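Small disclaimer: the values here were computed from a predicted structure and weren't measured.
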Amino acid sequence: MTNDGTMTHSENTRYAAELPVRLEWAKHAPEVYKAMVRLDGAARRGLDPTLYELVKIRASQINHCALCVDMHSRDALAAGESVERIVQLSAWEESRHFYTEKELAALELTEAVTVLTDGFVPDAVYERAAGHFGEAELAQLVSAIAVINAWNRFGVTCRMAPGHYRPGQHA
């Protein structure tokens, strides 16, 4: 990155300037931010850390939250997740062989909860997830999906910029 905030790939390549943040919401609503951090911590309890990051990345891809895609991809990589599995998340249905059946059920539920285009989570999707997760773990998974969707809405609305996060920075 150069002093003016633009990224360069080589001497001859110059990338577009970073978009400015619209609103530093955490600064202006610190109690909401602190509550979100606590909610996020509560939602992750009892979930496999790898599964948790995959769900967060996938929901963030759907919601076009560049900050969260960046953050959770970096956290997943730092935790030992493979580049291949992260890259394939955007096409997980065609790349099923990269994931366990349990992870596939979680990704399908993530999409259903995130998109809600039909106004509900289909019974078959919920039942598939319930077949892989006990009730307590399923409740945590649904919570994690809801929380990342909330984070995504803050990130996208306020235009939070990707590329500055370091793994574990918010732990």
Side-chain angles (χ1 to χ4, degrees), residues 26 33-171:
Y33 176 77
K34 289 175 195 172
M36 284 295 297
V37 169
R38 287 191 307 273
L39 185 60
D40 193 84
R44 81 174 47 233
R45 288 189 195 117
L47 289 176
D48 174 74
T50 299
L51 177 76
Y52 184 71
E53 293 302 334
L54 292 175
V55 162
K56 288 184 127 187
I57 295 166
R58 185 61 193 130
S60 299
Q61 289 172 335
I62 294 166
N63 290 323
H64 304 283
C65 184
L67 173 71
C68 292
V69 168
D70 177 58
M71 178 185 301
H72 297 296
S73 294
R74 289 173 190 256
D75 282 344
L77 287 168
E81 183 56 81
S82 72
V83 170
E84 291 80 10
R85 283 170 37 103
I86 294 170
V87 168
Q88 292 302 319
L89 271 175
S90 65
W92 67 268
E93 290 177 295
E94 292 80 30
S95 304
R96 298 177 69 79
H97 60 286
F98 282 85
Y99 308 99
T100 67
E101 290 298 322
K102 186 174 184 175
E103 289 168 338
L104 291 169
L107 292 171
E108 186 177 28
L109 184 63
T110 299
E111 292 208 3
V113 171
T114 300
V115 178
L116 291 176
T117 54
D118 294 328
F120 60 91
V121 173
D123 289 340
V125 171
Y126 183 85
E127 289 165 9
R128 205 165 6 268
H132 290 281
F133 295 87
E135 286 186 348
E137 191 179 20
L138 184 56
Q140 290 301 124
L141 177 60
V142 170
S143 299
I145 295 167
V147 171
I148 189 57
N149 274 278
W151 281 120
N152 291 163
R153 273 119 181 102
F154 287 117
V156 171
T157 302
C158 299
R159 195 188 287 142
M160 306 301 292
H164 304 286
Y165 177 78
R166 299 297 164 251
Q169 180 177 328
H170 297 301

Using only atom types and a distance under 3.5 Å, with no angle test, would you say the side chain of E94 pairs donor to acceptor with the backbone of Q88? no
How long is the straight-line distance from CZ of R44 back to NZ of K56, given to the nearest 0.5 Å? 5.0 Å
Backbone N or O of A66 within a donor-acceptor pair of the D70 side chain at under 3.5 Å? no
Residue from R96, R128, K102, R58 passing salt bridge (Lys or Arg N to Asp or Glu O under 4.0 Å) with E108: R128
How close do S82 and L77 get, heavy atom to heavy atom, and via which atoms? C-CD2, 4.3 Å
What is the distance from atom OH of Y52 to atom CD1 of I145, rounded to the nearest 0.5 Å? 11.0 Å
Do you know which two heavy atoms are closest between D40 and V147, and how far apart they sit? OD1-CG1, 3.4 Å
For a quick test of reading the model, state the closest non-hydrogen atom pair linking F98 to R85 and the distance between them. O-NH1, 2.8 Å
Do C68 and I148 touch side chain to side chain, with heavy atoms closer than 4.5 Å? yes
Nearest 0.5 angstrom please: H72 NE2 to C65 SG, how far? 8.0 Å
Atom CD of E135: over 12 foreign heavy atoms under 6.0 Å: no
Looking at every heavy atom in both T50 and E81, which two are closest together, and how far apart are they? CG2-OE1, 2.8 Å
Please step through side chain to side chain contact (heavy atoms under 4.5 Å, CB included) for the pair L109 and V55, ending with a clear verdict. CA-CA 9 Å; L109 184 63; V55 162; over 6 Å; no
Tell me whether Y99 contacts the main-chain N or O of A105 through its side chain, where contact means a donor paired with an acceptor under 3.5 Å. no
For T114, which residues count as a side-chain hydrogen bond (donor to acceptor under 3.5 Å, both in side chains) partner, sequence neighbours excluded? N149
By side-chain hydrogen bond (donor to acceptor under 3.5 Å, both in side chains), which residues pair with S60, not counting sequence neighbours? N152
Got T100 and H132 here, is their nearest side-chain heavy-atom distance under 4.5 Å? no
What are the two closest non-hydrogen atoms of I62 and E111, and how far apart are they? CD1-CG, 3.6 Å
Which distance, rounded to the nearest 0.5 Å, do you find between the OG1 of T110 and the CD of E103? 11.0 Å
Is there a side-chain contact between L138 and Y126, using heavy atoms and a 4.5 Å cut-off? yes
List in chain and number order the residues that pass ring pair (Phe, Tyr, Trp, His ring centres under 6.0 Å) with F154, two or more places apart in sequence or in another chain; answer none if no residue qualifies. W25
The reported gap from CG in L107 to CH2 in W92 (rounded to nearest 0.5 angstrom) is 6.0 Å
Please report the interatomic distance CD(Q61) to OG(S73), rounded to the nearest 0.5 Å. 7.0 Å
Tell me the closest heavy-atom pair linking A161 and L67, and the distance in Å. O-CD1, 3.4 Å
